[in-house]
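Single-structure report; data block below.
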Amino acid sequence: MSFKERVFAVVRGIPRGRTLSYKEVARRAGNKKAYRVVGNILNRNCDPEIPCHRVIRADRSIGGYNRDVKEKIKLLKKEGTILV
DNA sequence: CGTATGACGTGCA
DNA sequence: GTGCACGCCATAC
C-alpha cells in the first residue's frame with residue numbers, strides 16, 4: 001500500500017458536502033508532512049473514481065484542478081460543499 | 001538509482 | 001492585505 005493509494009482511499013472516503021485540505025488528507029493518509037505529495041499525486045493521477053475536487057487548500061482556496069478550476073468550483077457549489 | 005517536480009503550508013517583508 | 005521565498009515528502013522520469 002503506497003502513500004498514494006492511501007491518499008486515494010481517503011479522498012474517496014470524503015462525504016459529499018464536505019471538503020478536506022491537502023494537509024488533512026495527508027494526515028489521514030498517515031503522513032501529515034506529505035501534504036505536498038497529495039496534490040502532486042492527484043495532479044498526476046486524477047482518477048474519475050476519486051472526488052479530487054473535494055480536496056482544497058488549507059486556507060479554503062481552490063488551489064487548482066486537473067481540468068478547469070471553474071469546473072471544480074462549479075462541482076463544489078453544485079454538491080453543496082462547504083466552501084467558506 | 002538519482003534528479004527534478006509539484007493541485008501545499010507557513011513565515012516574513 | 002498581498003507577494004515572495006523556503007521547507008518537506010513521495011511520485012514520476
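Lettering follows sequence order; numbering is per chain, from 1.
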* Round to a whole Å and report the spacing from CG of A:Asn43 to P of C:dA10. => 18 Å

* To do: Rounded off to whole Å, could you give me the CG-to-P distance for the A:Asn40 and C:dC13 pair?
  => 11 Å

* d(NZ, A:Lys33; P, B:dT10) in whole Å -> 14 Å

* Whole-Å gap separating C1' (B:dG6) and CD1 (A:Ile41) -> 11 Å

* To do: May I ask you to say what A:Tyr22 touches in the nucleic acid, namely base, sugar-phosphate or nothing, with a heavy-atom cut-off under 4.0 Å?
  => base

* Compare side-chain N and O positions of A:Lys23 against OP1 and OP2 of B:dT10 and report whether any pair is under 4.0 Å apart. => yes

* To do: Measure from CZ on A:Arg57 to C1' on B:dT10 and round the result to the nearest Å.
  => 10 Å

* So, do A:Arg18 and A:Arg54 sit near enough that their side-chain heavy atoms are less than 4.5 Å apart? -> no

* **Whole-Å distance separating the CZ atom of A:Arg27 from the C1' atom of C:dA10** => 20 Å

* Asked: Is A:Lys72 reaching over with its side chain to a backbone N or O of A:Ile62, donor-acceptor style, under 3.5 angstrom?
  -> yes

* Taking A:Ser2 for its side chain and A:Glu5 for its backbone only, find out whether a donor-acceptor pair lies under 3.5 Å. => no

* Roughly how many Å is it from CG in A:Asp59 to C1' in B:dA7, rounded to a whole number? -> 12 Å

* To do: Measure from CG on A:Asn31 to P on B:dG9 and round the result to the nearest Å.
  => 15 Å

* To do: Look at all strands and tell whether A:Arg44 reaches a base, only sugar-phosphate, or nothing, counting heavy atoms closer than 4.0 Å.
  => sugar-phosphate

* Asked: Within a strict 4.5 Å, meaning less than it, do heavy atoms of the A:His53 and A:Glu71 side chains meet?
  -> no

* Checking all strands, does A:Asn45 fall into the base, sugar-phosphate, or nothing category for heavy-atom contacts under 4.0 angstrom? -> nothing

* Structure fact -> Nearest-nucleotide check on DNA chain C, A:Arg36 vs A:Ser2; residue mapping nearer the 5' end is A:Arg36

